[in-house]
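Numbering of ligands and ligand atoms starts at 1, following listing order.
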Amino acid sequence: MQLLDGVLVSGHIKEQIKQEVKDWQANGGKKPHLAAILVGNNPASEAYVGSKVKHCDELGFDSTLLRFESDITEAYLIGEVERLNNDDTIDGILVQLPLPKHISGDAVINAISPGKDVDGFHPISLGKMLLGQPSFLPATPYGIMLMLEYYKINTAGMHCVIIGRSNIVGTPMTILMSRNTNPGNATVTMCHSHTKNLRDITLTADIIIAAIGRPKYVTADMVKPGAIIIDVGINRIDDATKKSGSRLVGDVDFDNVAPISSYITPVPKGVGLMTICGLMKNTLLAAKQAKELIG
Ligand code: NAD
């Protein structure tokens with residue numbers, strides 16, 4: 001078994017991005033600038049946004065964090081997104097999900113200018129991705145593709161089973177893994193909450209991508225020996241041995257699945273770090289495209 005090491009791969013990609021930003025600035029480009037919107041104070045969202053802002057600093061990007069109370073109206077939030085759309089100093093906009101129930105995530109994402117959609121969630125980005133046209137790829141699936149590429153895993157012809165069909169992970173992942181690219185070119189099966197006989201399907205998988213949101217759901221008896229395991233899940237479970245009383249685990253029962261897998265991502269220090277790489281690469285691309293568009 002080989003660990004697909006998010007620390008190693010993201011470190012490598014971050015060095016590349018840093019160098020690219022330096023070269024870009026040396027040629028007269030301006031620092032990429034990410035605006036992050038956080039509504040309310042969900043602790044997980046706070047941590048994710050905090051990490052994204054910290055990475056901007058580390059990579060030589062500017063960042064602006066806009067925080068709003070959870071009782072903000074949808075119209076006001078959309079107005080703020082539009083203000084950022086029209087602000088030429090901002091290259092990328094990310095709205096940390098989930099939003100409070102009274103605000104439509106779709107309406108807010110749809111309001112982001114497609115040229116600044118660095119999370120890759122806008123219908124235009126997703127539509128272009130579906131058609132194989134250049135676009136911002138959704139950050140987590142993009143990060144997973146970068147991880148497979150780094151380890152030179154040739155997925156052509158493999159049976160890839162994706163568990164989960166969310167708009168931000170499972171569904172775009174099925175598209176990317178089935179495209180005529182490397183990595184890609186896999187035969188993809190998408191499973192979800194209504195899938196019957198999930199275990200029968202996962203046992204035929206050469207690669208399993210789990211994006212379910214259920215701690216340790218994929219167990220060793222569901223995995224074919226030698227399969228590649230990509231664990232997207234981030235779940236907090238109680239752990240009395242930890243000072244905080246809890247710890248993070250993935251959707252895969254890592255301890256029992258790792259020994260029979262060929263490659264596996266850990267949680268934490270796996271896909272989560274790659275998601276940030278996807279976001280940062282998109283933000284740099286947005287900055288470069290802005291220069292082309294506005295001179
Ligand atoms: P989601 O809740 O939107 O979707 C979960 C999917 O799992 C659904 O499509 C559902 O059909 C499927 N599902 C639920 N129960 C199932 C079952 N018993 N059998 C088969 N399928 C089942 O979740 P999401 O936003 O895609 O996130 C999934 C997990 O990934 C969560 O733990 C989330 O925290 C994590 N996540 C991690 C990253 C990262 O960067 N590592 C990014 C996004 C999400």
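- Asp251 places no side-chain N or O within donor-acceptor distance of the main-chain N or O of Asp231, the cut-off being under 3.5 Å.
- Under 3.5 Å, the side chains of Asn282 and Asp119 contain no donor-acceptor pair of N or O atoms.
- Asp106 and Ser104 share no donor-acceptor pair across their side chains, judged by distance under 3.5 Å alone.
- Near ligand 1, residues Thr140, Ile163, Gly164, Arg165, Ser166, Ile168, Val169, His192, Ser193, Ala211, Ile212, Gly213, Arg214, Tyr217, Val232, Gly233, Ile234, Asn235, Val271, Gly272, Thr275 come within 4.0 angstrom through at least one heavy atom.
- Under the 4.5 Å side-chain heavy-atom criterion for grouping Ile, Leu, Val, Met, Phe, Trp and Tyr, Val232 is connected to Met274 within one hydrophobic cluster.
- Every side chain to side chain contact (heavy atoms under 4.5 Å, CB included) that Ile175 has, sequence neighbours left out, goes to Met129, Leu130, Arg179.
- A donor and an acceptor atom, one from each side chain of Asn86 and Glu82, are nowhere located under 3.5 Å apart.
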